[in-house]
Structure formats: C-alpha cells, structure tokens
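Residue numbering restarts at 1 for every chain, and letters A, B, ... go by the order of the sequence lines. Just so you know, these numbers use all the heavy atoms, side chains as well, and skip hydrogens, waters and symmetry mates.
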2 protein chains.
Amino acid sequence: MAEVLPHPERSEIQIESVLQALADPVRLRFVRELAKLGCDGAPCGSIDLPVTKSTRTHHLRILRESGVISVRPEGTSRISTLRRDDLDALYPGLLDSILAAKR
Amino acid sequence: MAEVLPHPERSEIQIESVLQALADPVRLRFVRELAKLGCDGAPCGSIDLPVTKSTRTHHLRILRESGVISVRPEGTSRISTLRRDDLDALYPGLLDSILAAKR
DNA sequence: ACCGTACTACGATTGTGGTCGAACTACGAC
DNA sequence: GTCGTAGTTCGACCACAATCGTAGTACGGT
C-alpha cells in the first residue's frame, strides 16, 4: 500500500497547522471519535464519516501531516491514533478543551 | 459608524467557529497581539497587519462573530478586546495553550 | 494464481475564503 | 460648514481546499 507515511516530529508540529487541521468539521468529528475509542487507535474505515473513501484519505492526510494523528499500516488496513502525548506536551490543555466542548 | 455590532452570547459560541477563526495566520497574529496588550483592548488600527483596511475589517468580523473578540466603538475608532473570560469558561486551557505556543 | 478488501493517487469540479480597490459612512477637529 | 481620519461595504478576483469518481496498488485469503 505504501512505503513510508511521513509524520512530523514533535518539534516540527506547528500550532497553525494543528488549528487548521482541527478547523474542519469532518476532521474534528474524526478526532472526537478517535478520542472516544481510547488510545489504542482504530482502523480508518471503522469510523464512519459522511464522505467518500477518497475524501477520507484526504482528511487523514491533513491530520497526519499536521501532527494530530499518527497512522500505521496493519495488514491491509491502517490504524489511526491520536498523538495525545505530543499534543499535550506542546499545547497543554488544547486537546482536552476541544474534546470537552459539547459541540 | 455603525448601529450595533452583533456579538454571539457566550452560550452561542461554537468550538468549530472558534477554531476556524483561529486557524488563519493573520487572525492568529492579531489575537496574539491583542493578548500581549493586556485586557483593556486596543484600537483596531493600532495593531499592524500585513493586509489592507478592508481585509482587516473582514478578519475582525470573523473574530467577532465567532466570539473570540468583542468590539466596541469609541469615537471614530474601535476597540477590540479578547473575550478571555468567555473563552476560558467554555474551553478552559484552549486560549492559554495557543498563546503559549512559541509559534 | 485469483479475488476481495482497504486504501491511495490522480484529475476534475465546485465552493469557499482571503485579498484588494474603490466608493461610502461616521465621527472629530478646525 | 469642510476636511481628514477610521472603518465599512460592495464587487471582483484568485487561490486553495473539499469533494467526487475512476483507476491503481498492496495485502490477506482461498
């Protein structure tokens, strides 16, 4: 499926990109679902989004390249996990406050 | 200059709109400058942005309508203030973490 | 080997957001 | 009153982002 999926290092993560990534309703929804599922992550396809597969791939890429999630291949599927530790270290309280917001 | 400038009530502020508002580099910069100036606010024109007046008006509107800042007329000028209390109440830690981010 | 599943890549379309310039309004000073 | 300053509004333009469909790749099973 793929060679290597590039992820930014913690030090390369930029607040602007993170905000940009979280500002889209589809991506925000995905992140919320991810957070609800706990820390072990979930296959991309298991979270249903109101978009087609190719659009989902697009959004996952934005989230991955901004440093919000990390994606690892697992068989024919891919597991997405929230980069909680990195985000909490860089922007303590950011993720929590966003996830805690009722809507 | 203007009748009333509509601001959302605290209960009407939505996290999506806030993130959307903060996701733009020009607006983020404006918010940072505002925060640096303290809580008494500043006239819109006193914060220089690399855009024209009309673009600035546009950005201020986004920030105001999303609930990030409040704007009150003062003579021929307008004073913008960060809605810190509202944002802190709704999303504790959000603003702090964003403002604390080095870049 | 073949097939199905899971996802990616590419190209095209469409919509939206940021930008500007020009014209307009409101206020204060003179 | 006139003038200048500070912002707004409108229309247009341009760039980018979201969306989709189609075609392609990778992996696991049979």
Does the pair A/Glu16 and B/Ile98 meet the rule for a side-chain contact (heavy atoms from CB on, under 4.5 Å), with working shown?
-> CA-CA 9 Å; A/Glu16 293 198 7; B/Ile98 292 175; over 6 Å; no
State whether B/Ser77 places a side-chain N or O below 4.0 Å from either non-bridging phosphate oxygen (OP1 or OP2) of D/dA6.
-> no
Whole-Å distance between D/dT8 P and B/Arg72 CZ?
-> 15 Å
Counting only side-chain N and O atoms of B/His59, is one of them less than 4.0 Å from OP1 or OP2 of C/dT19?
-> yes
A/Gln20 has an atom CD; how far is it from atom P of C/dG17, in whole Å?
-> 12 Å
Any side-chain N or O of A/Arg78 under 4.0 Å from OP1/OP2 of C/dT8?
-> yes
Measure from CD on A/Glu16 to C1' on C/dG18 and round the result to the nearest Å.
-> 14 Å
How about A/Ser66 and A/Arg27: do any of their side-chain heavy atoms sit closer than 4.5 Å?
-> no
Kindly indicate whether the side chain of A/Ser54 and the base of D/dG21 share any N or O donor-acceptor pair separated by less than 3.5 Å?
-> yes
Expressed in angstrom and rounded to an integer, what is the separation of B/Glu65 atom CD from D/dT9 atom P?
-> 10 Å
Between D/dA18, C/dC7, C/dT5, which nucleotide gets closest to the side-chain atoms of A/Thr76?
-> C/dT5
Write down the distance between CG (A/Leu5) and C1' (D/dT25), rounded to a whole number of angstrom.
-> 14 Å
Closest listed nucleotide, where the reference is the side chain of B/Thr52 and the choices are D/dA18, C/dG21, C/dA6 = C/dG21
Interatomic spacing from CG in A/Asp85 to CZ in A/Arg10 - rounded to 0.5 Å = 6.0 Å
To the nearest angstrom, the NZ-C1' distance between B/Lys53 and C/dG21 comes to 11 Å
B/Arg56 side chain N/O closer than 4.0 Å to the phosphate oxygens (OP1, OP2) of C/dC20?
-> no
Can you see which heavy atom on B/Pro8 is nearest to which on B/Arg64, and at what distance?
-> CD-O, 3.3 Å
Distance in Å, A/His59 NE2 paired with A/Leu49 CG, rounded so as to fall on 0.5 Å steps = 8.0 Å
Which nucleotide sits closest to the side chain of B/Thr55: C/dC20, D/dC20, C/dA6?
-> C/dC20
Between C1' of C/dC7 and CG of A/Leu60, the distance in whole Å = 10 Å
Measure the distance from CG on B/Leu63 to C1' on D/dT8 and round it to the nearest whole Å.
-> 16 Å
Any A/Arg61 side-chain N or O less than 4.0 Å from OP1/OP2 of C/dC7 = no
